[in-house]
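Every value quoted in this text rests on a predicted model; they were computed, and no experiment measured them. Numbers restart at 1 for each chain; the letters A, B, ... are given by sequence-line order, proteins then strands.
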There are 2 protein chains.
Amino acid sequence: MSLRYALLALLTSQPLTGYDVFKHFEQSVGYVWHAPDSQIYPELRRMEKDGLLSGVEEPWGKKGKKKRYHITPEGVEAFRAWMNTTLDYARERDPIHLKAAYLEWADPEAARAQMRAHIAYHSSRAQQWQNMVAALEDRSNPTLARRLEAAPEEDRAKIAGYKIFTYEGMIERAKAEIEWARRGLELIDKLES
Amino acid sequence: MSLRYALLALLTSQPLTGYDVFKHFEQSVGYVWHAPDSQIYPELRRMEKDGLLSGVEEPWGKKGKKKRYHITPEGVEAFRAWMNTTLDYARERDPIHLKAAYLEWADPEAARAQMRAHIAYHSSRAQQWQNMVAALEDRSNPTLARRLEAAPEEDRAKIAGYKIFTYEGMIERAKAEIEWARRGLELIDKLES
DNA sequence: CCCAACATGTAAGGGGTTACATGATTTT
DNA sequence: AAAATCATGTAACCCCTTACATGTTGGG
């Protein structure tokens, strides 16, 4: 159900067409909650039906048209209510740790390849988040800039601060994963003669 | 699709009835891949149909009966093949970080409650894993003990070593989450006057 | 004129959650 | 006799993935 709230979060800063939602999503909230366009379009329609968004049709060129979604007061309220509710936690479901627990079944080279892939994946993610933090810190991130413009002065430190805090957390998590996989490589060397 | 491999992993150590699978699952592989009984029973039947398991009916009391599932050579092969395949990574989908990024929308007390819940959840998880590591290290974990008995001497260090490695990774991840949430609490104090 | 970007979908299937459902057996 | 445990399911629903599908517009 979080997709809905991810979309509301995005639309609190400005009204967007479905396509714009998808594009902006990928560059902002999609870093913490991925969704493909095939999921976004129908969800926007459902949210309109549920009164959280109102869609306004606009002409696009001669024949085309597009629909711009505005968040409604009910949408804002639903988002705020979600933000004030403590999440409950999904039980563990983690394929890499499942695999790691039974690594004696893999060929040593396959085991090493898995650990290297883990390092590569999390390094790349960490790099992206690092770039995001830099863009948030120097206010060059366009979504943030637009949000800050519209916000009263006293809220600006919060808006930027919480986002930086979020991505820093993800960077540290990625670093922990990298460190773990490095130890995994050492362990494989030690155990597989 | 990982549930199937989690079940194969469990059944490589011994044949089990559906109910036993569920109980053992909760105490071992379920720590990294949770599944409810309503998912396990049908999956076992599908795996039997697919030739990965063979089920043997046994009487249980006067009228009752139960089915004990044995892993087949095809099941072993399927598990080994999965272990030798590099996983591909699911895109980020993380409700707590989604929420953290927009924490300016929450009431300060709700924001603090969320961070405290995060700390409580991960502390409890870390504690469980810590117990698991201890039970693996002193070989008092029954599932491990049974597995070690059946395994040739030269494999025993691997079997225990990889499991300890796995849970240690999860403990460190939990500690990183706790540390992050602590910083979150400080940030809330700083930003919400 | 072509191509990239803009715009919006449908449809099938997989995996998982939650709730409901039933009955036998063993233990207290 | 009651309660806990053993035993095994079904059914509805939700969310997400993957693949397919179609047409428009603006820029080079």
Grab the [atom1]-[atom2] distance between [X] and [N] for me, whole Å please.
X	N	atom1	atom2	answer
Met1(B)	dT17(D)	CE	P	17 Å
Arg91(B)	dT17(D)	CZ	P	10 Å
Ile40(A)	dC16(D)	CD1	C1'	12 Å
Glu92(B)	dT17(D)	CD	P	13 Å
Lys65(A)	dG9(C)	NZ	P	10 Å
Lys67(A)	dG23(D)	NZ	C1'	18 Å
Arg93(A)	dC15(D)	CZ	C1'	13 Å
Tyr41(B)	dT8(D)	OH	P	5 Å

>> Check this for me: Arg46(A), atom CZ, are more than 12 non-hydrogen atoms of other residues, nucleotides or ligands nearer than 6.0 Å?
In response: yes
What N/O pairs connect the protein and nucleotides 20-22 of chain C at under 3.5 Å? Give each pair on its own line.
none

Hey, is [X] close enough to [Y] for a salt bridge, meaning N to O under 4.0 Å?
X	Y	value
Glu58(B)	Lys65(B)	no
Glu48(B)	Lys67(B)	yes
Glu168(B)	Arg173(B)	no

> Other hydrophobic cluster members with Trp60(B), side-chain heavy atoms of Ile/Leu/Val/Met/Phe/Trp/Tyr under 4.5 Å, chained?
Replying inline: none
> Rest of the hydrophobic cluster containing Tyr19(A) (Ile/Leu/Val/Met/Phe/Trp/Tyr, side-chain heavy atoms under 4.5 Å)?
Replying inline: Tyr41(A)
>> Looking at Tyr102(A), I'd like to know if the NZ or CZ of Lys158(B) sits under 6.0 Å from its six-membered ring centre while staying within 45 degrees of the ring's axis.
In response: no
> Who pairs with Gln128(A) by side-chain hydrogen bond (donor to acceptor under 3.5 Å, both in side chains), at least two apart in sequence or on another chain?
Replying inline: Arg125(A)
Among all residues two or more places apart in sequence or in another chain, which pass the side chain to side chain contact (heavy atoms under 4.5 Å, CB included) test with [X]?
X	answer
Asp107(A)	Ala110(A), Asn84(B)
Val56(B)	His70(B)
Ser140(A)	Ala135(A), Asp138(A)

> Is the distance from OP1 or OP2 of dT8(C) to the nearest side-chain N or O of Arg68(A) less than 4.0 Å?
Replying inline: no
> In terms of ring plane angle, is the pair Tyr89(B) and Tyr121(A) parallel, tilted or perpendicular, where the classes change at 30° and 60°?
Replying inline: parallel
>> In terms of relative ring orientation, are Trp180(B) and His118(B) parallel, tilted or perpendicular, with 30° and 60° separating the classes?
In response: perpendicular
> Using the C1' atoms of the five pairs at each end, what is the angle between the end axes of the helix from dC1(C)-dG28(D) to dT28(C)-dA1(D), to 10°?
Replying inline: 20°
Extract from the structure each pairing of a protein N or O with an N or O of nucleotides 24-28 of chain C at less than 3.5 Å, listing the distance.
from, atom 1, to, atom 2, distance (Å)
dA24(C), OP1, Lys63(B), NZ, 3.2
dA24(C), O3', Gly64(B), N, 3.4
dT25(C), OP1, Trp60(B), O, 3.3
dT25(C), OP1, Lys62(B), N, 2.6
dT25(C), OP1, Lys63(B), N, 2.8
dT25(C), OP1, Gly64(B), N, 3.2

>> Can you pull out the residues from residues 4-36 of chain A that lie within a 4.0 Å heavy-atom distance of DNA chain D?
In response: Trp33(A), Pro36(A)
> Looking at DNA chain D, which of residues 95-102 of chain B put a heavy atom within less than 4.0 Å of it?
Replying inline: none
>> Just to verify, what does Glu153(A) make a salt bridge (charged side-chain N to carboxylate O under 4.0 Å, His left out) with, not counting sequence neighbours?
In response: Arg156(A)
>> With rounding to the nearest 0.5 angstrom, report the CD to OG distance, Glu177(B) to Ser123(B).
In response: 11.0 Å
>> Using heavy-atom distances to pick each residue's nearest nucleotide on DNA chain D, tell me which of Arg45(B) and Gln39(A) is more 5'.
In response: Arg45(B)
> Can you tell me if Thr12(B) and Arg147(B) form a side-chain donor-acceptor pair at under 3.5 Å?
Replying inline: yes
